[in-house]
Protein chains: 2
Amino acid sequence: MATGRTHRPATRSRGIPEATVARLPLYLRALTALSERSVPTVSSEELAAAAGVNSAKLRKDFSYLGSYGTRGVGYDVEYLVYQISRELGLTQDWPVVIVGIGNLGAALANYGGFASRGFRVAALIDADPAMAGKPVAGIPVQHTDDLEKIIEDNGVSIGVIATPAGAAQQVCDRLVAAGVTSILNFAPTVLSVPDGVDVRKVDLSIELQILAFHEQRKAVEEGAGADGAHPAAAPRKESAEQGPDGDVPAVMPA
Amino acid sequence: MATGRTHRPATRSRGIPEATVARLPLYLRALTALSERSVPTVSSEELAAAAGVNSAKLRKDFSYLGSYGTRGVGYDVEYLVYQISRELGLTQDWPVVIVGIGNLGAALANYGGFASRGFRVAALIDADPAMAGKPVAGIPVQHTDDLEKIIEDNGVSIGVIATPAGAAQQVCDRLVAAGVTSILNFAPTVLSVPDGVDVRKVDLSIELQILAFHEQRKAVEEGAGADGAHPAAAPRKESAEQGPDGDVPAVMPA
DNA sequence: ATGTCTTTGTGAACGCGTGCACAAAGATGG
DNA sequence: CCATCTTTGTGCACGCGTTCACAAAGACAT
């Protein structure tokens, strides 16, 4: 994954652990797929496999929501879809603004996953006057000057920042001042926000660096003198439960 | 943040906790900024503030790398940049391929953060024959048919998947079979890979859903009968260490 | 009804990560 | 050379999250 909250004060909202909340969307996706195939019920084992987690974890996660399963049978797919959707707040409409319509911002605007689950792109905002009025993904880009008005008029509480790093904090401040209380940050910066405002960040560069770390680790593990050596075509081992951690032998030659 | 590894088998690579590894890029970024301003040394307190973490945590993180600080003074910026870069494996060149050159793939190809830290876009690959040959970000797109050859010729070990969900697993399988051992997945799917292959995922939809959860929580907390109510312009409280968790009172009316 | 079989829900143990608080280290000034 | 002051490095305790393993619950067959 490429996300992570900036910091977790361990404030377990209402009793649902943060770690569980982060997995609910995963379950929801798997359940939606089952629903589309008209599968009526599913066991924790099956669903866990589909979501790529441990079945015990899944059951414990669901137990925080309530007792929605039937012993000996499993979970009712439709019912669970509804319960999770409700818990995540997806039964209501969430207008979202995207600030910074460059390559990434445009890609996000075009991203289908937005509309699918109650999220609606209410507006696109960019600082470049030349962009103003231009339609991106069918939505005309508006100028940053109108940011506050746009937020208020549309009742936006979720903002997406896709600006260059230098502009991110300033945009963030304006969004927050205008009433936004949740921010998804794609700019490579640490955002400073008041209490009560949630920030989640998506950082490509960080993800790659983490991968590089493990990659380097693998390289020194086996045959220290390897060139760009490809272990290649390792015996395919199906397992829905692998982790990026790689289960490296962890022997370390010295 | 918008990332998260699929699962963490707690395999603490060589003794550096996974949580620490995930923060190293953050420190590196802050240090690089200091370096550019020619700041010679920095204390754990200052650096922690810049990176948005707790100073004790930062010191503990660094202690896993070795004793690189000087008591009473702090850390030498340049030296630390080098040490972290080396630990992350950024002192070497990492050729990367991006598969799926749609809106997102193109945005990633254009993303500057790639080239900056030892990562080099070695090739762009797409399944659409019409795309073949077209330059994106100055790099000609190649067809999926040549995927294996491209991987091997360039010694690629890191692959980025930006295809539609339906194609992701298949692309992943081919990448892995060709020798890729680290994958950054932007497709909304759980990828199944053999042991020894790292997968990190970036999922916009999941991030938004997590934000929506907390947003909904905030909404019901205060004034249950609120419309799209904006608490707006809350007293600005500077704190580099806030978390999206929001410190909600957690009372629940019933 | 009763028994068997499946699957959930959860108590308990364990391990990782975080943060506190302090001793040790070293710089700096007299 | 000694005293003082700053800042690191870390032992320790605590809490969250994960996993195991099992009792309870219910379906289903007889």
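Below, chain A is the first sequence line, B the second, and so on; all start at residue 1.
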Taking OP1 and OP2 of C:dC20, is either one under 4.0 Å from a side-chain nitrogen or oxygen of B:Arg59?
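So the side chain of B:Arg59 is outside the cut-off, no N or O lying under 4.0 Å from OP1 or OP2 of C:dC20.
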
Straight-line distance of A:Phe119 CZ to A:Gln92 CD, nearest 0.5 Å:
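One finds 9.5 Å between CZ of A:Phe119 and CD of A:Gln92.
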
Looking at A:Tyr82, A:Tyr68, A:Phe62, A:Tyr27, which hits ring-ring contact (aromatic ring centres under 6.0 Å, His included) with A:Tyr75?
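For A:Tyr75, the ring-ring contact (aromatic ring centres under 6.0 Å, His included) test succeeds with only one of A:Tyr82, A:Tyr68, A:Phe62, A:Tyr27, which is A:Phe62.
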
A:Asp203 bridged to B:Arg29 by N-O distance under 4.0 Å
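The answer is yes: the pair qualifies as a salt bridge.
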
Which pair of non-hydrogen atoms, one from A:Leu90 and one from B:Ala212, has the smallest distance, and what is that distance?
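What the structure gives for the nearest pair is CD2-CB, 4.2 Å.
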
Check the distance between D:dG9's C1' and B:Leu65's CG and give it to me in whole angstrom.
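Nearest whole value for this atom pair: 13 Å.
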
With a 4.0 Å cutoff (strictly under), does any side-chain N or O of A:Tyr75 reach OP1 or OP2 of C:dG9?
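So the side chain of A:Tyr75 is within the cut-off, an N or O lying under 4.0 Å from OP1 or OP2 of C:dG9.
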
Using whole Å, report how far CD of B:Glu46 lies from P of D:dT6.
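Interatomic distance, CD of B:Glu46 to P of D:dT6: 14 Å.
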
Give a yes/no answer on whether the side chain of A:Ser44 brings an N or O atom under 4.0 Å of OP1 or OP2 in C:dT7.
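No, because none of the side-chain N or O atoms of A:Ser44 sits under 4.0 Å from OP1 or OP2 of C:dT7.
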
Whole-Å distance separating the CD atom of A:Glu18 from the C1' atom of D:dG17
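It works out to 12 Å between those atoms.
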
CD of B:Gln170: more than 12 outside heavy atoms within 6.0 angstrom?
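Counting other residues, nucleotides and ligands, CD of B:Gln170 stays at 12 neighbours or fewer.
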
Tell me the interatomic distance from B:Ile16, atom CD1, to C:dC16, atom C1', rounded to whole angstroms.
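Atom-to-atom, B:Ile16 to C:dC16, this comes out as 16 Å.
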
Using 0.5 Å steps for rounding, measure from the CD atom of A:Glu215 to the CD atom of A:Gln209.
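Reported value, rounded in 0.5 Å steps: 14.5 Å.
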
Rounding to an integer number of Å, can you tell me how far A:Asp76 CG sits from D:dA27 C1'?
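The answer, rounded to whole Å, is 15 Å.
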
Expressed in angstrom and rounded to an integer, what is the separation of A:Asn54 atom CG from C:dT8 atom P?
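The answer, rounded to whole Å, is 13 Å.
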
Can you check the B:Lys57 NZ to D:dT10 P distance for me, whole Å?
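My rounded result for the distance is 18 Å.
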
Can you see which heavy atom on B:Gly15 is nearest to which on B:Tyr64, and at what distance?
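Looking at all heavy atoms of both residues, the shortest contact is O-CD2, 3.7 Å.
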
For the pair made of NZ in A:Lys60 and P in D:dA21, what is the distance, rounded to whole Å?
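Answer to the nearest Å: 14 Å.
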
Between N or O atoms, less than 3.5 Å apart, protein on one side and nucleotides 25-28 of chain C on the other: list the pairs.
from   : atom 1 : to      : atom 2 : distance (Å)
C:dA25 : O4'    : B:Arg71 : NE     : 3.4

